[in-house]
Amino acid sequence: MSLSRRQLLIGGAATAGAVGLGLLRPSDQGGPHDRYFQSLQRCLSEQPLARPTMVIDRDRLHHNLNLVTRRLGDQYALRLVAKSLPSLSLLDHLMDHAGTRRLMLFHRPFVSQVAAHRPDADILLGKPMPVDEARLFYQEWQPAGGFQPETQLQWLIDSPQRLLDYQQLAAERDQPLGINVELDIGLHRGGVADRDRLAAMLTRIRDDKRLRFRGFMGYEPHIVKVPGDDHALRDEAMARYREAVHTARAVFGTLPAGLTFNTGGSSTYTLYPGQDTPANEIALGSGLVMPTNFDVPTLSGHRPACVIATPVLKTMAPARLPGPEALASLMRLWNPNRQQAFFIYGGHWKARPVSPPGLSPNPVFGRSSNQEMLNGSDAVPIAPGDWVFLRPHQSESVFLQFGDLALYDPDRQALTDRWPVLRG
């Protein structure tokens, strides 16, 4: 019996619909740990440690640092950004390997800890501090420790009012203060953009015997984030920076030696080597450990050097959800990556699962900071006592959530050290 034209059309539409749905249906992303994560899991399992841990890969850290120092060469000094590397031991390691004393800090308690631990450090504040926080630093500072803030500490000043606050602090304590002026070179997050205002602030610094002009800080991550050509945006930012340096020369005549003209960041540092700019140093931190937010074209060649490791507490196959079983069944039927449930120690971090592959939070069950559910396909062969690995989206703040950092040496396939994080 021959089919009618209408039957053929209906059958064809049904087939096309089924094909369309098939194309939309998620594919199975699951699988076991690769060789790298198998080795890391074995190392963790051999330790008296079974809680969420931030792991630093020593070899990848060195690879990234060597890449940075080789690219910067002798043209720019390297200033390490401590908020992205918040461990004295980690900073010591990087400072010694890079041959730099320059640090950028964003939190007054960290300034006090670094000054006590590294009396040779050259510290630039990365954001303006309320003057009461600066006052607390001087109350805690121990001159016998060797750190000399009048020459080794640069307070960041972003406005005439903040400059007045710090001028009053200097008079109150009869304390010389190093002043670095924040420039707005295009980010528009604060700092001085107006030439006349800058000239007036520099004149006030020049005329106060307790204030020391130490340079400028011009942060410019917008270069790789807004529409436009990176190189053209860099040139615009550097033109603003150069104008500020000209203003400083007009105020001071001859500029003091050894000024800090800071710029850059992890995502932009590769735009500067070989360029004629007013900057003499580049600040970066995240590019050395490479959280996911820094997977950008300007950092090609850098390798992920940090990962969150956390134990699996429970497994469930098939995955179930509270309420009607039909919902969980439909999710499993539609998405092969919802077949199993794995409950991990902790969770809800600024991070995404990377191993075993194909894991993700359940959108219906929701997130948990206590024991988060991750779903995976039947191809994921993990059990309680195994480990799940997640890449953090950022290192600042996230590194502080896990206690000591664990240093992993892939050559020796061993965890070789524990590095405490900064306090407070």
Side-chain angles (χ1 to χ4, degrees), residues 76-77 79 81-84 102-108 111 122-131 133-134 153-167 169-170 177-206 208 211-226 228 230 232-252 255-256 259-269 271-272 277-286 396:
Y76 299 100
R79 188 175 293 275
V81 177
K83 69 180 173 64
S84 305
R102 304 182 190 216
L103 298 175
M104 180 179 283
L105 290 116
F106 293 75
H107 190 40
R108 198 278 311 162
V111 178
D122 178 278
I123 298 174
L124 169 63
L125 270 294
K127 66 184 177 188
M129 282 290 118
V131 71
E133 285 296 305
L153 178 58
Q154 303 178 52
W155 297 105
L156 193 66
I157 301 300
D158 62 326
S159 67
Q161 181 58 53
R162 201 177 308 276
L163 178 58
L164 179 61
D165 292 342
Y166 275 73
Q167 189 175 24
L169 173 63
L177 299 183
I179 301 298
N180 189 296
V181 178
E182 180 181 14
L183 302 176
D184 180 0
I185 57 171
L187 179 60
H188 304 326
R189 192 178 64 179
V192 184
D194 181 78
R195 181 189 304 176
D196 293 338
R197 176 173 290 189
L198 177 61
M201 292 171 63
L202 294 175
T203 300
R204 181 182 289 272
I205 295 169
R206 183 197 65 190
D208 190 307
L211 301 182
R212 308 281 189 268
F213 176 58
R214 297 295 305 281
F216 294 128
M217 190 275 278
Y219 188 41
E220 35 62 296
H222 63 284
I223 287 175
V224 295
K225 294 183 178 179
V226 301
D230 291 351
L233 290 166
R234 175 204 60 202
D235 292 345
E236 290 174 12
M238 289 300 103
R240 293 188 179 100
Y241 208 131
R242 191 172 283 108
E243 182 179 283
V245 174
H246 289 164
T247 301
R249 286 201 179 98
V251 170
F252 288 96
L255 290 178
L259 292 181
T260 295
F261 292 141
N262 174 274
T263 194
S266 286
S267 60
T268 60
Y269 90 92
L271 301 174
Y272 291 98
T277 76
N280 57 22
E281 67 167 41
I282 303 290
L284 63 88
S286 296
E396 59 186 274

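This is a predicted model, so every value here is computed, not measured. Numbering starts at 1 and runs along the sequence shown.
- Counting only heavy atoms from C-beta outward, the side chains of D184 and V192 never approach each other to under 4.5 Å.
- In this structure, CG in L284 is found 7.0 Å from OH in Y269, a value given to the nearest 0.5 Å.
- Scanning both residues, P278 and V245, for their nearest heavy atoms gives CB-CG2, 4.1 Å.
- Between the side chain of R162 and the backbone N or O of P128, no donor-acceptor pair lies under 3.5 Å.
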Please report, to 0.1 Å, the donor-acceptor pairs under 3.5 Å made by any side chain of residues 218-225, with sequence neighbours excluded.
unit_1 : atom_1 : unit_2 : atom_2 : d
E220   : OE1    : T268   : OG1    : 3.1
E220   : OE2    : T268   : OG1    : 3.0
E220   : OE2    : Y272   : OH     : 2.5

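- For the pair E236 and I185, the minimum side-chain heavy-atom distance is 4.5 Å or more.
- Considering only heavy atoms from C-beta on, L163 comes within 4.5 Å of I205 through its side chain.
- Atom CG of residue D235 and atom CZ of residue R242 lie 8.5 Å apart, to the nearest 0.5 angstrom.
- Atoms CZ and OG1, on F213 and T260 in that order, are 9.5 Å from each other to the nearest 0.5 Å.
- Here the side chains of M217 and Q154 are not in contact, with every heavy-atom distance at 4.5 Å or above.
- Between Y241 and T277 there is no side-chain heavy-atom pair separated by less than 4.5 Å.
- Atom OG1 of T263 sits about 9.0 Å away from atom CG of L183, to the nearest 0.5 Å.
- Among residues at least two apart or in separate chains, salt bridge (charged side-chain N to carboxylate O under 4.0 Å, His left out) pairs with a member in residues 185-201 are R195-E243.
- Listed by chain and number, the residues in a salt bridge (Lys or Arg N to Asp or Glu O under 4.0 Å) with R240 amount to none (sequence neighbours excluded).
- Here the CD atom belonging to E182 is positioned 11.0 Å from the CG atom belonging to L125, to the nearest 0.5 angstrom.
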One pair to check against side-chain contact (heavy atoms from CB on, under 4.5 Å): M104 and N262. What are the steps and the verdict? CA-CA 10 Å; M104 180 179 283; N262 174 274; 3.6 Å; yes
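- Every side-chain hydrogen bond (donor to acceptor under 3.5 Å, both in side chains) that E396 has, sequence neighbours left out, goes to K83.
- Scored by the ring-ring contact (aromatic ring centres under 6.0 Å, His included) test, Y76 finds no partners at all (sequence neighbours excluded).
- Contacts of D208 classified as side chain to side chain contact (heavy atoms under 4.5 Å, CB included), with partners at least two apart in sequence or in another chain: Q167, R210, L211.
- Note that CG of L169 is 11.5 Å distant from CG of L164, once rounded to the nearest 0.5 Å.
- Taking 4.5 Å as the limit, some side-chain heavy atom of R206 sits within range of a side-chain heavy atom of F252.
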Given the rule in the side-chain contact (heavy atoms from CB on, under 4.5 Å) test, do T247 and F216 qualify, once you have shown the distances and angles that lead to the verdict? CA-CA 12 Å; T247 301; F216 294 128; over 6 Å; no
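- In plain terms, the two heavy atoms of S286 and S84 that are nearest each other are OG-OG, 3.1 Å.
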Stepwise side-chain contact (heavy atoms from CB on, under 4.5 Å) test for F106 and V81: CA-CA 9 Å; F106 293 75; V81 177; 3.6 Å; yes
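- With contacts defined as side-chain heavy-atom distances shorter than 4.5 Å, the pair N180/L259 does not qualify.
- Two residues are said to be in side-chain contact when any heavy atoms from C-beta on lie closer than 4.5 Å; M129 and L105 fail this criterion.
- Under the 4.0 Å criterion applied to side-chain N and carboxylate O atoms, R79 and D122 are assigned as salt-bridge partners.
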